[in-house]
Amino acid sequence: MIKYVGLFLATAPASLLLAQVARTERLRFAIFEALQIVGIVAIAIFSDWLLIQLGWKYVQERLNQLLVTTAQPWLSLGSSLIRLILRILLWSLVLSWVLQSVESLSPWHDRIDSITSFLLQKISVIFNTPFMQLGQTEITLNFLFIILFLSITVIFTSRWVSEWIKNRILIQLRVDRGSQETITRVVSYSLSFVGFIIVLQTAGIDLSSLTVLAGVLGIGFGFGLQNLASNFISGLAILLEHPIKVGDFIEVDGLLGTVEKISIRATIIRTNDSQYVIVPNNRFIEKNVVNWSYGSPDSRIHIPVNVAYGSDTVLVTEALLSAARQDPRVLLSPPPSVWFRSFGESAYVFELLVWINRPQDSEPIKSALNFLIEQELRQRDIEIPFPQLDLRLRDVGDLRAITRYYRRSTPASESAEVTEASTSVAKPKPKSTSPPPPLSDLLRNMSCFTRCSNADLQMLIELGTRRFYDVGEIIFREGDPGDAFYIVLEGSVEVRSEHLDQILATLYQGDFFGEIAVLTGMPRSATVRTLEDTILFVVHRGAVQRLLQAQPQLAEDIAHELAARQQVLQELGLAGMNGKGTPSLPPLHWIRQRLRTLFSV
């Protein structure tokens, strides 16, 4: 016993030393394995951040720039799925690497490897087991996933090619927006159709085997999808015929708006209130469509105006035309016009017609013109009547009895208030202090147009224009062609003879000048400039020509009027004078000849 104890005491230090050394080696080995695992995980994390986070994000941003906006949500979904799959593969490889590198975990590697092989084998069996026979081709899940992947690739490729053609070719050629969208859609649909055919043929599907199935399904779906098929055919017709294009301002079924997109099934219209309305394509084939932008954007709008009976129709015409010419969005060519529509129940019914080149702004323009019309009518004291109703009483005695009863039952103070209120209501509206002079009266002040009727003067007023001149601005110079005459509406002008170097006259509101040069075709005999900010009413020679052609008898009156002004004709130095300074023809005959030559009357 003592021997064994002695032996134990002798060998105990050595055993403790060996155990300590063995424990240190295991610790060192464990630390080494832990550091190895940490290094592998760090490499995996860095690879995940560098390749999947930064690299894939850069690729996605580049694809977003190349693809259209509608395809970007699908790209985001596909990108998320691909990134998830890459991460699963990356961390699967990391796990496999760790299990293979760490000796203590090698048994787990064999187990996981066997389980993974078993699962992959079962998944392969599931994906490769045919569940349908289509002609000579067996349909499996693997086959469907391949077809789906290739179809998505075809769709993205066709859209990318069509957008590349639009951005790199059509925009450079300055093709209009509607044609760009049409060509882009046709190219995209054509490439998609051809790509699907190629994919099916490459996959080994015999398309001839689908004819019977397509015929059977076509009969069944034809009745249920009549509306969809109608919209599809209508969409093709719209894209090929171009009755409407993207960017056109149209009206269909009372809906006004701008065409934003034309697809196979429907068309998207943006209204003036920025509301997007999806309209089926068959509406554009079956209904009457007003395309305000077709050919030319110029369009005419109608504004009805009622005035009281007894109003001066020429003055009303002048007021409406004055309002139209104050809005810069109204085109001056063709000029605005006024129609006397009818005699209403309680008013004259007029209509102002103006031309605009932005049909989408027709409602704001109408509103602005209504404000201007009200202002012009108020300045000229033209009344806009209320609807009137005649009330006939059969028994006046009952009304008198009711009136007497009301007077007896009404207190004196209330009666005074009623009387005062009725008096205040009956007070006439104060008139404007300085109404503008009517153009019809100003035109009649000209001796050439004294005998013109209201209809004749209305023609000149419609075809004339108001023009503003700054102080010191030259209206025309001596020797310029006489293509228009002028009436001073506001301000003043100075008439100066250049060759005499003296001022001939100063003209103010209501005065006119330049009519002799217009009617005789002679150059201007003086220079006219403004002395202050001035508004002139300008009547061009074309307006006089239309008037004389419509009323040929006016030419004879004008000829007699001009022939009576012998001194003016001599001062003008008319052509046709002989060497002695007398006309080679009598003045009346000479002026008649000039009028026939200038105005074709």
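Each residue takes its place number in the sequence, starting with 1.
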| Steps toward side-chain contact (heavy atoms from CB on, under 4.5 Å) verdict (Gln326, Arg466) | CA-CA 9 Å; Gln326 294 180 41; Arg466 291 174 180 260; 5.9 Å; no
| task | Heavy atoms only: give me the nearest Ser299-Pro359 pair and the separation to one decimal. | result | OG-CB, 3.9 Å
| query | Under 6.0 Å between ring centres, would you say that holds for Phe512 and Phe537? | reply | no
| Is there a donor-acceptor pair closer than 3.5 Å between any side-chain N or O of Thr530 and the backbone N or O of Glu473? | yes
| Atom CD1 of Ile278 with >12 non-hydrogen neighbours under 6.0 angstrom | no
| message | Just so I know, are the side chains of Ile269 and Leu256 near enough to count as touching, which here means a heavy-atom distance under 4.5 Å? | response | no
| message | With a 4.5 Å cut-off on side-chain heavy atoms, are Val259 and Lys245 touching? | response | no
| query | For the residue pair Val471 and Leu531, what are the closest heavy atoms and their distance? | reply | CG2-O, 3.3 Å
| field | Stepwise side-chain contact (heavy atoms from CB on, under 4.5 Å) check, Val349 with Val305 | value | CA-CA 6 Å; Val349 180; Val305 179; over 6 Å; no
| query | Can you tell me if Ser322 uses its side chain to pair, donor with acceptor, with the backbone of Glu318 under 3.5 Å? | reply | no
| request: Taking all non-hydrogen atoms of both residues into account, name the closest pair between Leu315 and Pro438 and its distance. | output: CD1-CB, 3.4 Å
| Full working for side-chain contact (heavy atoms from CB on, under 4.5 Å) between Leu377 and Ile384 | CA-CA 8 Å; Leu377 294 179; Ile384 301 177; 3.8 Å; yes
| note | Between Ile382 and Ala319 the two heavy atoms that sit nearest each other are CD1-CB, 4.5 Å
| Interatomic spacing from CG in Leu331 to OG in Ser333 - rounded to 0.5 Å | 8.0 Å
| field | Electrostatic pair Asp361-Arg329, nearest N-O below 4.0 angstrom | value | no
| Between Asn291 and Pro243, is there a donor-acceptor pair closer than 3.5 Å when you use the side chain of the first and the backbone of the second? | yes
| Arg341 vs Glu351, salt bridge (charged side-chain N to carboxylate O under 4.0 Å, His left out): CA-CA, chis, key distance, verdict | CA-CA 7 Å; Arg341 299 292 297 185; Glu351 195 168 65; 3.5 Å; yes
| Can you find a pair of side-chain heavy atoms, one from Leu443 and one from Ile461, that are under 4.5 Å apart? | yes
| message | To check you understand the geometry: which heavy-atom pair defines the closest contact between Pro385 and Ala308, and what is its length? | response | CD-N, 3.4 Å
| Leu442 CG to Leu489 CG distance, which is reported to the nearest 0.5 Å | 7.0 Å
| request: Please examine the side chains of Leu353 and Val338, heavy atoms only from C-beta on, and report whether any two atoms are closer than 4.5 Å. | output: no
| said: Is it the case that over 12 heavy atoms from other parts of the model lie below 6.0 angstrom from the CG atom of Leu332? | reply: no
| Would a distance-only check, ignoring hydrogens and angles, find a side-chain to backbone donor-acceptor pair under 3.5 Å from Asp511 to Tyr508? | yes
| query | Is the closest side-chain heavy-atom distance between Arg477 and Asp480 below 4.5 Å? | reply | yes
| task | Could you grab the distance from atom OG of Ser362 to atom NE2 of His302, nearest 0.5 Å is fine? | result | 12.0 Å
| Nearest-0.5 Å distance that lies between atom CD in Gln360 and atom OG1 in Thr271 | 13.0 Å
| query | What do you reckon, is CZ of Arg546 surrounded by more than 12 foreign heavy atoms closer than 6.0 Å? | reply | no
| Can you say whether the rings of Phe249 and Trp292 are parallel (under 30°), tilted (30 to 60°) or perpendicular (over 60°)? | tilted
| query | Between Asp273 and Gln275, is there a donor-acceptor pair closer than 3.5 Å when you use the side chain of the first and the backbone of the second? | reply | no
| field | Phe468 CZ: over 12 foreign heavy atoms closer than 6.0 Å | value | yes
| field | Ring centre gap for Phe343 and Tyr348 strictly below 6.0 Å | value | yes
| request: Starting at CG of Leu554, measure out to CG of Leu548 and round the result to the nearest 0.5 Å. | output: 6.5 Å
| request: Evaluate the ring planes of Phe476 and Phe513, with Trp represented by its six-membered ring, and classify them as parallel (under 30°), tilted (30 to 60°) or perpendicular (over 60°). | output: tilted
| task | Side-chain contact test, heavy atoms from C-beta onward, threshold under 4.5 Å: evaluate it for Arg283 versus Asp253 and give yes or no. | result | yes
| Counting only N and O atoms by type, is there a donor-acceptor contact under 3.5 Å from the side chain of Glu498 to the main-chain atoms of Ala526? | no
| query | Can you tell me how far CD1 of Ile356 sits from CD1 of Ile365, rounded to the nearest 0.5 angstrom? | reply | 4.0 Å
| task | For the pair Glu494 (side chain) and Thr506 (backbone), establish whether a donor and an acceptor sit closer than 3.5 Å, ignoring hydrogens and angles. | result | no
| query | Taking Arg325 for the side chain and Gly464 for the main chain, is one N or O donor matched with an acceptor at less than 3.5 Å? | reply | yes
| Just by distance, do the side chain of Asp248 and the backbone of Ile244 share a donor-acceptor pair under 3.5 Å? | no
| field | Stepwise side-chain contact (heavy atoms from CB on, under 4.5 Å) check, Glu163 with Thr184 | value | CA-CA 7 Å; Glu163 288 297 320; Thr184 301; 3.9 Å; yes
| said: Quick check: do Ile487 and Val539 have side-chain heavy atoms less than 4.5 Å from each other? | reply: no
| task | Before accepting this row, confirm whether a basic side-chain N of the pair Arg524/Glu478 lies closer than 4.0 Å to the acidic partner's carboxylate O. | result | no
| note | Closest non-hydrogen contact found for Pro335 with Leu463 is CG-CD2, 4.0 Å
| message | Does this structure show an ion pair linking Arg496 with Asp501, if we count only N-O contacts that are shorter than 4.0 Å? | response | yes
| With a 4.5 Å limit on heavy-atom distance, are the side chains of Arg467 and Ile535 in contact? | no
| Would a distance-only check, ignoring hydrogens and angles, find a side-chain to backbone donor-acceptor pair under 3.5 Å from Tyr276 to Glu260? | no
